[in-house]
Amino acid sequence: MIIYEDSCAVVIENVKDFNIHHIFSSGQSVRWKKQKDNSYICVVKDKIINVSQIDDILYFKNTNLDDVKNFWVNYFGLDVNYSIIKKEILNISPNLSHIIDFGSGLRILNQDEWETLITLILSANNSMQILEKVVDNLCSRYGDYIGEYEGEKYYSFPTPNKLSSLSLDELRECKVGFRDKYIKSTSTVIYNNDIDLYNLNKLDTKSCLDNLRELSGVGEKVADCVAMLSMKKYDVFAVDVWIKRIMEDIYFSNKSNSVKKIRSFAVDKFGDLSSFVQQYLFFFARQNKVGKS
DNA sequence: ATCCAGGTGATCA
DNA sequence: TGATCACATGGA
């Protein structure tokens with residue numbers, strides 16, 4: 001991996017096991033917006049960033065060399081060797097080879113804990129399509145205006161202080177639906193620091209999940225996703241409707257297994273690789289509509 | 001029109 | 001513990 005800065009972008013060459021389109025259609029983030037030129041734009045850390053890929057070369061625009069080295073490499077998991085991860089997964093379960101090949105460029109991002117938490121609470125019994133619009137509503141109304149980039153206005157994700165100050169009606173106007181009380185409660189707890197969200201990553205996985213589960217609107221699945229997507233806890237296996245379908249297709253003989261059973265089966269089987277397996281499975285199942293029509 | 005969407009919390013046996 | 005249900009919203 002070679003990193004340097006040229007006149008119009010910071011460039012990383014020789015990037016393996018990385019496909020920006022896999023990553024941004026994997027449901028990990030609903031904030032990155034695809035552009036007409038196949039690049040993606042997002043506000044992260046209160047700055048507008050543009051990322052694109054051509055073959056095994058990545059281009060980061062509107063940033064600098066230090067930020068790429070100190071932040072973006074970690075954000076995109078570029079310091080993780082996925083060829084080893086894939087090999088180890090296949091050692092455990094060789095029948096996953098076509099599923100790993102299908103999502104060969106997936107990476108687990110390292111996103112902000114707070115933004116991930118609220119987004120995942122809003123994802124409950126919701127579609128990705130609508131979730132994206134709800135998050136956009138919250139950002140454009142209650143986030144900070146960051147600036148304009150190529151003719152488009154961008155906003156940050158609203159802070160715990162801001163969200164906790166909103167009334168249930170104001171939240172409903174952003175189309176959060178019945179999750180209004182979850183957002184109100186959880187943002188208040190985080191704002192008051194009753195749960196130290198930004199230090200949960202220092203705890204062991206079980207304690208981390210237990211803390212998350214105390215928050216309103218956070219159950220097994222959301223806690224697993226927050227731990228995996230923002231706290232580098234990879235010995236968790238989030239089971240949603242898609243994962244349940246494809247896991248039963250591959251590993252079970254019937255379709256009436258409890259979420260808890262599937263979850264513990266996977267964590268026992270895959271250990272610290274559980275979240276990576278979950279990402280490959282989810283991507284394959286959703287893209288191919290496994291178990292649908 | 002009816003069902004479903006990256007589920008959770010409350011209730012009841 | 002385990003099963004069942006309501007819950008806002010909008011797209012297919």
Side-chain angles (χ1 to χ4, degrees), chain A residues 22-32 99 102-103 106-109 111 115-138 141 166-189 195 209-231 233-234 236-249 254-264 266 274-293:
Chain A
H22 290 179
I23 293 167
F24 290 139
S25 55
S26 72
Q28 293 184 58
S29 169
V30 294
R31 287 270 280 154
W32 289 85
I99 287 173
F102 185 82
L106 284 167
R107 296 264 165 164
I108 295 180
L109 302 176
Q111 301 182 71
E115 182 171 334
T116 303
L117 172 63
I118 295 301
T119 303
L120 266 295
I121 289 173
L122 292 172
S123 75
N125 199 33
N126 214 343
S127 71
M128 303 280 312
Q129 194 179 2
I130 295 174
L131 173 62
E132 180 171 341
K133 291 179 180 172
V134 173
V135 172
D136 281 347
N137 290 339
L138 287 172
R141 294 190 198 191
L166 300 179
S167 67
L168 294 180
D169 283 340
E170 287 172 315
L171 288 167
R172 283 271 171 117
E173 285 166 16
C174 294
K175 305 302 179 186
V176 302
F178 64 89
R179 310 162 194 84
D180 56 352
K181 50 194 178 296
Y182 304 158
I183 300 302
K184 179 77 179 174
S185 168
T186 288
S187 59
T188 302
V189 169
I195 284 182
L209 294 175
D210 286 345
N211 274 272
L212 287 169
R213 287 284 320 266
E214 305 228 342
L215 297 163
S216 176
V218 180
E220 288 270 351
K221 189 268 175 184
V222 168
D224 284 346
C225 281
V226 172
M228 158 180 67
L229 297 174
S230 70
M231 297 172 184
K233 302 298 186 190
Y234 301 135
V236 301
F237 191 85
V239 180
D240 58 45
V241 291
W242 292 105
I243 291 292
K244 183 172 189 295
R245 287 178 198 135
I246 194 167
M247 283 295 285
E248 287 177 333
D249 272 8
N254 61 76
K255 304 184 71 177
S256 53
N257 303 279
S258 70
V259 164
K260 179 170 289 192
K261 178 180 170 186
I262 296 172
R263 183 184 191 279
S264 61
S274 296
S275 295
F276 301 99
V277 176
Q278 193 266 5
Q279 280 298 296
Y280 291 120
L281 287 170
F282 176 77
F283 186 72
F284 183 95
R286 202 164 84 95
Q287 297 289 319
N288 294 298
K289 303 193 184 308
V290 169
K292 304 285 286 182
S293 61

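We name chains A, B, ... by the order of the sequence lines, and we start the count at 1 in each one.
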| field | Gap in Å between the two P atoms, one belonging to B:dT8 and one to C:dG11, rounded | value | 24 Å
Correct closest heavy-atom pair for A:Lys221 and A:Ser123 would be NZ-OG, 4.2 Å
What are the atom names and distances for every N/O pair under 3.5 Å that joins the protein to nucleotides 10-13 of chain B?
none

Report which part of the nucleic acid A:Gly217 touches: base, sugar-phosphate, or nothing (heavy-atom distance under 4.0 Å, all strands). sugar-phosphate
With sequence neighbours left out, the residues meeting ring pair (Phe, Tyr, Trp, His ring centres under 6.0 Å) with A:Phe178 are none
Within residues 220-227 of chain A, those residues having any heavy atom closer than 4.0 Å to DNA chain B are A:Glu220, A:Lys221, A:Val222
Residues A:Glu220 and A:Arg263: closest non-hydrogen pair is OE1-NE, 3.3 Å
Sorted by position of nearest nucleotide on DNA chain B, 5' first, the leading residue of A:Phe282 and A:Leu215 is A:Phe282
For A:Arg31, the side chain to side chain contact (heavy atoms under 4.5 Å, CB included) test, sequence neighbours excluded, returns A:Ser29, A:Cys42, A:Val43, A:Glu115, A:Val135, A:Cys139, A:Phe157
A:Val30 and A:Glu132 have their tightest heavy-atom pair at O-CG, 3.5 Å
Practice item. Just call it for A:Ser258: base, sugar-phosphate, or nothing, with non-hydrogen atoms closer than 4.0 Å on any strand. Key: nothing
From CG of A:Leu120 across to P of B:dG6 the rounded distance in Å is 12 Å
Residues pairing under side chain to side chain donor-acceptor pair (under 3.5 Å) where one sits in residues 175-185 of chain A, two or more places apart or in two chains, turn out to be A:Arg172-A:Asp180
- Query: Given B:dG7, is OP1 or OP2 found less than 4.0 Å from the side-chain N or O atoms of A:Arg263?
  - Reply: no
Sequence neighbours excluded, the answer for side chain to side chain contact (heavy atoms under 4.5 Å, CB included) partners of A:Ser230 is A:Glu113, A:Thr116, A:Val226
Residue set satisfying side chain to side chain contact (heavy atoms under 4.5 Å, CB included) with A:Asp210, at least two apart, ordered chain then number -> A:Lys206
Side chain to side chain contact (heavy atoms under 4.5 Å, CB included) filter on A:Asn254, not counting sequence neighbours, yields A:Ser256, A:Asn257
For residues 116-131 of chain A, the salt bridge (charged side-chain N to carboxylate O under 4.0 Å, His left out) pairs (sequence neighbours left out) are none
*Looking across every strand, which nucleic acid part, if any, lies under 4.0 Å from A:Val239 by heavy atom: base, sugar-phosphate, or nothing?*
nothing
| request: Just call it for A:Arg213: base, sugar-phosphate, or nothing, with non-hydrogen atoms closer than 4.0 Å on any strand. | output: nothing
Given protein heavy atoms under 4.0 Å, the one-letter contact record of nucleotides 4-12 of chain C, with B base, S sugar-phosphate only and - none, is simply ---BBSBSS
- Item | Between C:dA3 and B:dG6 - C1' atom distance, rounded Å | 22 Å
Rounded to whole Å, the NZ-P distance (A:Lys289 to B:dA5) equals 10 Å
Rounded to whole Å, CG of A:Leu122 lies from P of B:dG6 at a distance of 14 Å
With sequence neighbours left out, the residues meeting salt bridge (charged side-chain N to carboxylate O under 4.0 Å, His left out) with A:Arg141 are none
Rounded to whole Å, the CD-P distance (A:Glu132 to B:dA5) equals 18 Å
To the nearest angstrom, the CZ-P distance between A:Arg245 and B:dG7 comes to 9 Å
message = Any base atoms under 4.0 Å from A:Thr186, or only sugar-phosphate, or nothing? Heavy atoms, all strands.
response = nothing
A:Phe237 meets the ring pair (Phe, Tyr, Trp, His ring centres under 6.0 Å) criterion, sequence neighbours left out, with none
In whole angstroms, the gap separating P of B:dG7 from CH2 of A:Trp242 amounts to 10 Å
